[in-house]
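Read the structure below first, then the notes.
Starting from 1, each residue takes its place in the sequence as its number.
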Amino acid sequence: MSTANISSPQRSTTPAAPSTGPSVKTQRIVALILLLCQGGITVSGSIVRVTGSGLGCVTWPNCHPGSLVPIQGAAPMLHQAIEFGNRLLTFVVAAAAIASIVVVHKAQRRKELKVYAWAGLAGVFVQALIGALSVVLKLSWWSVAIHFLPSMVLVWIAAMLFSRINEPDDGTPTRLFPAAVRTLAVVATIALSIVLLTGTFVTGSGTHSGDAGVGMEGRLGVDTYGMAIIHAVCMYVYLALTLIVVFLLHRNGAPKVAKKAGWVLIACIVIQWAIGVTQFYLHIPRWTVPFHVGMSSVVTAFTALLWAHGLRRVENEDGSTANTAQNGDENVPAAQG
């Protein structure tokens with residue numbers, strides 16, 4: 001089916017309120033809280049790193065041998081408080097994930113949403129285990145890296161849950177912009193993954209190990225500023241690909257909401273670029289790291305939201321819905337202008 005001129009379908013994409021259980025508005029609020037929590041804990045983790053508080057608690061799940069909570073004199077109390085506080089935030093994220101599971105099940109939503117919700121909770125437990133591993137390994141750079149990267153996956157999942165909740169469960173999967181543009185969006189997402197990966201190499205080779213008592217022991221043995229340049233080049237590639245995607249959205253008459261999501265994403269990438277440039281020329285001061293990590297979550301979330309706009313469940317023109325359409329592009333109708 002031709003997709004030369006795709007425009008926003010003139011029909012609602014909002015599911016009717018369930019007869020029982022939480023409303024769609026409530027579900028979206030819970031999903032948004034989960035998204036904010038998944039991104040927020042990455043920021044708190046970066047604060048642990050730049051304050052050198054990573055080994056404020058030296059065991060897991062206890063803070064110290066025989067004590068679940070910080071102990072006076074075992075380590076600087078500020079470091080213990082920051083690391084222990086970051087651990088407590090795990091329970092906040094877990095609570096948000098459980099809440100998302102409860103609301104989608106009580107509202108009897110479709111399987112896709114339940115999978116996203118359960119994946120978010122499973123990810124919290126996986127991250128807790130990875131965090132324990134990083135403590136056991138005394139904050140080896142690669143253990144810290146694999147602690148950060150899954151967080152970006154969880155941010156993506158939470159963003160998809162937030163976006164998909166607003167679609168009717170029995171709506172028809174409808175392609176809102178051409179398959180070629182979605183393919184390019186996949187390429188841009190792969191580029192983002194490389195940006196995030198090289199970013200962990202930059203921090204892994206730098207001085208912010210996460211433990212105030214550790215110098216360059218256990219750090220990645222590459223030139224930090226050379227790696228920062230490679231990281232920046234990857235970011236420029238990602239930005240260029242995103243600009244092309246947004247250009248093609250305009251050229252193909254994509255829905256306004258998709259084009260808006262694209263421009264918001266570009267603005268976020270530019271802000272992230274500005275923070276990265278500031279870090280480079282100021283020799284990566286500690287205070288810039290939480291901002292850079294936080295914007296990584298924002299960029300990841302908006303990349304997911306832009307991707308979600310490419311294929312959405314919508315009501316048919318007569319107001320009815322159908323659940324027989326397949327997800328392959330060859331069987332998914334395109335919204336026509």
Side-chain angles (χ1 to χ4, degrees), residues 6 8-9 11-18 22-40 93 96-97 99-101 103-105 107-121 123 151-177 179 181-182 184-186 188-189 192-193 242 245-246 249 254-269 296-315 321 323 325 327 329 332 334-335:
I6 297 179
S8 178
R11 48 195 184 272
S12 172
T13 60
T14 303
S23 66
V24 173
K25 180 179 179 181
T26 299
Q27 295 170 47
R28 280 176 59 85
I29 290 174
V30 172
L32 179 60
I33 292 173
L34 175 60
L35 176 57
L36 294 174
C37 287
Q38 294 286 22
V93 182
S100 70
I101 293 172
V103 295
V104 297
H105 276 273
Q108 300 179 5
R109 299 305 303 271
R110 64 186 184 274
K111 181 179 178 180
E112 176 192 13
L113 302 182
K114 295 174 182 176
V115 169
Y116 285 140
W118 278 103
L121 180 60
S151 292
M152 296 299 100
V153 175
L154 294 177
V155 167
W156 179 284
I157 292 172
M160 291 297 294
L161 176 63
F162 173 76
S163 177
R164 295 300 193 204
I165 276 178
N166 216 34
E167 301 172 15
D169 290 340
D170 54 354
T172 303
T174 303
R175 182 155 36 86
L176 300 185
F177 48 78
V181 181
R182 280 175 61 81
L184 185 59
V186 171
T189 301
L192 171 61
S193 301
T242 305
V245 168
V246 174
L249 291 180
K256 290 182 179 179
V257 65
K259 292 184 284 189
K260 180 179 179 181
W263 284 115
V264 171
L265 173 58
I266 289 173
C268 292
I269 297 172
S296 294
S297 295
V298 173
V299 169
T300 299
F302 276 102
T303 301
L305 293 175
L306 178 59
W307 164 256
H309 284 304
L311 183 67
R312 303 193 72 88
R313 291 175 178 265
V314 299
E315 293 180 355
T321 55
N323 56 11
N327 284 330
D329 275 342
V332 176

Within the distance-only criterion (no hydrogens, no angle test), does the side chain of Arg182 pair as donor or acceptor with the backbone N or O of Phe177 below 3.5 angstrom? no

Using a 4.5 Å cut-off on heavy atoms from C-beta on, say whether the side chain of Ser296 contacts that of Met152. yes

Heavy-atom side-chain contact between Val93 and Gln38 under 4.5 Å: yes

Partner of Thr300 under side chain to side chain contact (heavy atoms under 4.5 Å, CB included), picked from Leu305, Thr189, Leu192, is Leu192

Does Thr303 have any side chain to side chain donor-acceptor pair (under 3.5 Å) partners at least two apart in sequence or in another chain, and if so, which? Tyr238

Just do the side-chain hydrogen bond (donor to acceptor under 3.5 Å, both in side chains) check on Arg312 and Ser163 with the steps written out, would you? CA-CA 9 Å; Arg312 303 193 72 88; Ser163 177; 3.1 Å; yes

Once you round to the nearest 0.5 Å, how far does CG of Leu121 lie from OG of Ser100? 7.5 Å

Can you name the closest pair of heavy atoms from Gly120 and Ala97 and give their distance? C-CB, 4.2 Å

Decide yes or no for Val257 and His309: does some side-chain heavy atom of the first lie under 4.5 Å from some side-chain heavy atom of the second? yes

Would you name the heavy atoms of Pro255 and Leu176 that are closest together and state the gap between them? CD-O, 3.3 Å

Once rounded to the nearest 0.5 Å, what's the spacing between atom OG1 of Thr242 and atom CD1 of Ile269? 4.0 Å

Which side-chain N or O atoms in residues 153-162 pair as donor and acceptor under 3.5 Å with protein atoms at least two apart or in another chain?
none

Separation of His105 NE2 from Leu113 CG (nearest 0.5 Å): 10.0 Å

Straight-line distance of Glu112 CD to Ile165 CD1, nearest 0.5 Å: 10.5 Å

To the nearest 0.5 Å, what is the distance between CG on Leu306 and NZ on Lys259? 12.5 Å

Test item: Gln27 side-chain N/O and Pro22 main-chain N/O as donor-acceptor pair under 3.5 Å: yes

Which one of Val30, Leu36, Leu34, Ile29 satisfies the side chain to side chain contact (heavy atoms under 4.5 Å, CB included) criterion with Leu32? Leu36

Considering only heavy atoms from C-beta outward, does the side chain of Trp307 approach that of Val186 to under 4.5 Å? yes

Would a distance-only check, ignoring hydrogens and angles, find a side-chain to backbone donor-acceptor pair under 3.5 Å from Arg164 to Ala308? yes

Using modelled atom types only, decide if a donor and an acceptor are shared between the side chain of Arg313 and the backbone of Thr172 within a distance under 3.5 Å. no

